[in-house]
Asks: 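Supplied in structure tokens, the structure appears directly below.
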Protein chains: 2
Amino acid sequence: MADKTLRDILQAHGLKSTFQRLSILEYLMTHETHPTAEMIHDDLSDISLATIYNTLDKLVDVGIIIVIDTLKDDKRHYDYYGEPHYHIINSNTNEIIDADNFDVAPLFEAARQVSGLNITGFHIEIYGVDPDQAK
Amino acid sequence: MADKTLRDILQAHGLKSTFQRLSILEYLMTHETHPTAEMIHDDLSDISLATIYNTLDKLVDVGIIIVIDTLKDDKRHYDYYGEPHYHIINSNTNEIIDADNFDVAPLFEAARQVSGLNITGFHIEIYGVDPDQAK
DNA sequence: AACTAAATTAGAATAATTCTAAAAGAGGGA
DNA sequence: TCCCTCTTTTAGAATTATTCTAATTTAGTT
Ligand SMILES: [Mn+2]
Ligand SMILES: [Mn+2]
Ligand SMILES: [Zn+2]
Ligand SMILES: [Zn+2]
């Protein structure tokens with residue numbers, strides 16, 4: 001059962017399995033919509049909004065999901081982060097496109113050189129507009 | 001006078017020159033602190049907080065400054081964006097380091113290929129920790 | 001089955017940001 | 001320089017996404 005896998009993911013990160021966490025994680029894994037807490041709550045309406053927020057915070061803490069806080073709608077968007085990837089944002093529609101066709105190693109090395117830090121992760125957003133749009 | 005240059009920048013972007021706008025723009029150009037609206041208001045206390053927000057919005061709209069909304073402090077940080085650059089964030093201290101030692105052209109090309117969009121800009125944050133820190 | 005630390009919940013609280021609508025100012029033309 | 005008009009500024013109220021509280025339930029273990 002698919003349930004098994006979800007439990008494993010949670011346990012591998014030291015999180016207890018509750019049906020709330022299983023539902024929310026599954027929701028994020030199966031939706032490409034980069035939803036907000038409210039959007040998730042609309043669909044999983046049996047789970048309290050406080051739990052939605054608590055769970056999302058936990059999933060972010062352990063690195064299963066990430067936050068995208070760059071859209072102009074003043075809401076946090078969440079994203080399952082099974083594999084590292086970057087985002088392309090269509091400024092006309094605010095659509096977020098996942099992409100991974102770029103090797104970040106040279107960028108990590110550049111950042112290490114400048115800062116002397118141990119690089120642990122990245123957050124890349126590329127903005128674009130529909131090519132046919134005037135201007 | 002330095003005033004002249006600031007006026008020119010505002011006018012070049014179609015913004016009227018007010019002493020509030022000149023002050024805020026100069027503040028951002030001369031501080032590396034990536035301040036919040038509140039931090040700016042603390043230092044430029046003659047300017048109302050509403051105007052700080054209004055002005056920052058305008059400067060963002062015309063592209064003179066950018067917003068960094070990724071820190072865990074739940075506040076927007078602002079950054080003079082005279083030249084394109086990326087950010088390295090020390091996760092131990094939340095310090096934001098400016099860097100420009102990386103050519104984004106290949107990344108732009110990768111994004112264009114995936115999305116078909118006309119790429120207009122980017123927002124890159126690289127996270128790191130002090131190398132001596134345990135773990 | 002019983003235990004206990006952790007998770008969930010409803011609702012209140014917080015606070016960054018936005019809005020309102022009235023007063024002041026900038027810039028252009030006469 | 002003096003209007004004129006549109007834009008900007010402002011104090012304070014309003015909004016609202018998110019966080020907090022404290023009581024209840026549950027997961028995982030013994
Ligand atoms: Mn935010
Ligand atoms: Mn907020
Ligand atoms: Zn994504
Ligand atoms: Zn910067």
Side-chain angles (χ1 to χ4, degrees), chain A residues 3-4 6-27 34-62 64-79 94, chain B residues 3-4 6-27 34-62 64-79 94:
Chain A
D3 223 43
K4 187 72 171 308
L6 293 172
R7 294 190 102 86
D8 290 345
I9 294 177
L10 291 176
Q11 278 173 2
H13 290 89
L15 297 179
K16 282 189 182 177
S17 284
T18 63
F19 88 82
Q20 293 89 342
R21 286 176 179 177
L22 292 167
S23 303
I24 292 169
L25 178 55
E26 181 185 44
Y27 186 94
H34 303 85
T36 63
E38 193 187 22
M39 289 163 69
I40 298 170
H41 186 241
D42 286 344
D43 285 349
L44 305 180
S45 48
D46 291 346
I47 303 175
S48 80
L49 187 54
T51 296
I52 303 277
Y53 276 108
N54 289 342
T55 300
L56 291 171
D57 284 350
K58 280 271 166 59
L59 296 178
V60 169
D61 282 347
V62 302
I64 301 179
I65 69 174
I66 59 171
V67 179
I68 299 175
D69 203 6
T70 324
L71 272 56
K72 294 155 217 119
D73 63 2
D74 260 327
K75 297 175 176 76
R76 292 181 193 153
H77 292 251
Y78 294 88
D79 188 14
N94 262 354
Chain B
D3 222 43
K4 187 74 170 308
L6 293 172
R7 295 191 102 85
D8 290 346
I9 294 176
L10 291 176
Q11 279 173 0
H13 290 88
L15 298 179
K16 281 190 181 178
S17 285
T18 63
F19 88 84
Q20 292 91 340
R21 287 176 177 176
L22 293 167
S23 303
I24 292 168
L25 177 55
E26 182 185 42
Y27 185 93
H34 304 85
T36 62
E38 192 187 23
M39 290 164 68
I40 298 170
H41 186 240
D42 286 343
D43 285 347
L44 306 180
S45 48
D46 291 347
I47 303 175
S48 81
L49 187 56
T51 296
I52 304 275
Y53 276 109
N54 289 341
T55 300
L56 290 170
D57 284 350
K58 279 271 164 61
L59 295 178
V60 168
D61 281 348
V62 301
I64 300 178
I65 69 175
I66 60 172
V67 179
I68 298 175
D69 203 4
T70 324
L71 271 57
K72 294 155 216 118
D73 64 0
D74 261 328
K75 297 175 177 74
R76 292 180 192 154
H77 291 251
Y78 294 88
D79 187 13
N94 262 354

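Reckoned from all heavy atoms, side chains included, excluding hydrogens, waters and symmetry mates. Below, chains carry the letters A, B, ... as their sequence lines are ordered, and counting in each starts from 1. Because the structure is predicted, anything quoted here is derived from the model rather than measured.
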Asks: Can you check the B:M39 CE to C:dA15 P distance for me, whole Å?
Replies: 18 Å
Asks: In degrees rounded to 10°, what angle is found between the helical axes fit to the five outermost pairs at each end of the helix from C:dA1-D:dT30 to C:dA30-D:dT1?
Replies: 40°
Asks: Within this structure, what is the CG-to-P distance between B:L10 and D:dT8, rounded to whole angstrom?
Replies: 11 Å
Asks: Between C:dA7 and A:K58, is there an OP1 or OP2 to side-chain N/O distance shorter than 4.0 Å?
Replies: yes
Asks: Going through the distances and angles, do B:K58 and B:R21 end up as a side chain to side chain contact (heavy atoms under 4.5 Å, CB included)?
Replies: CA-CA 9 Å; B:K58 279 271 164 61; B:R21 287 176 177 176; 3.8 Å; yes
Asks: Could you tell me whether a side-chain N or O of B:H41 sits under 3.5 Å from a main-chain N or O of B:I47, the two making a donor and an acceptor?
Replies: yes
Asks: Answer with base, sugar-phosphate or nothing: what part of the nucleic acid does B:D46 contact at a heavy-atom distance below 4.0 Å?
Replies: sugar-phosphate
Asks: Round to a whole Å and report the spacing from NE2 of A:H41 to P of D:dT18.
Replies: 14 Å
Asks: If we ignore hydrogens and angles and just use 3.5 Å, is the side chain of A:H34 paired with the main-chain N or O of A:H77 as donor and acceptor?
Replies: no
Asks: Residues in side-chain hydrogen bond (donor to acceptor under 3.5 Å, both in side chains) with B:S23, at least two apart?
Replies: none
Asks: Between P on C:dT17 and NZ on A:K75, what's the gap in Å once rounded to a whole number?
Replies: 15 Å
Asks: Nearest whole angstrom, please: distance from the P of D:dT18 to the CG of B:D69.
Replies: 10 Å
Asks: Take the protein atom CD of A:E38 and the nucleotide atom P of D:dT18, then report the distance between them rounded to whole Å.
Replies: 9 Å
Asks: Name all residues meeting the side-chain contact (heavy atoms from CB on, under 4.5 Å) criterion together with B:L56; count only those two or more places apart in sequence or in a different chain, and write none if there are none.
Replies: B:I24, B:L28, B:A37, B:I40, B:I52, B:I65, B:Y78
Asks: Can you pull every protein N or O that's under 3.5 Å from an N or O on nucleotides 19-24 of chain D?
Replies:
residue : atom : partner : partner atom : Å
D:dT19  : OP1  : A:R76   : NH1          : 3.3

Asks: Who pairs with B:D43 by side-chain hydrogen bond (donor to acceptor under 3.5 Å, both in side chains), at least two apart in sequence or on another chain?
Replies: B:Y27
Asks: Report each atom pair, protein N/O against N/O of nucleotides 22-30 of chain C, whose distance is under 3.5 angstrom.
Replies:
residue : atom : partner : partner atom : Å
C:dG27  : OP1  : B:S17   : N            : 3.0

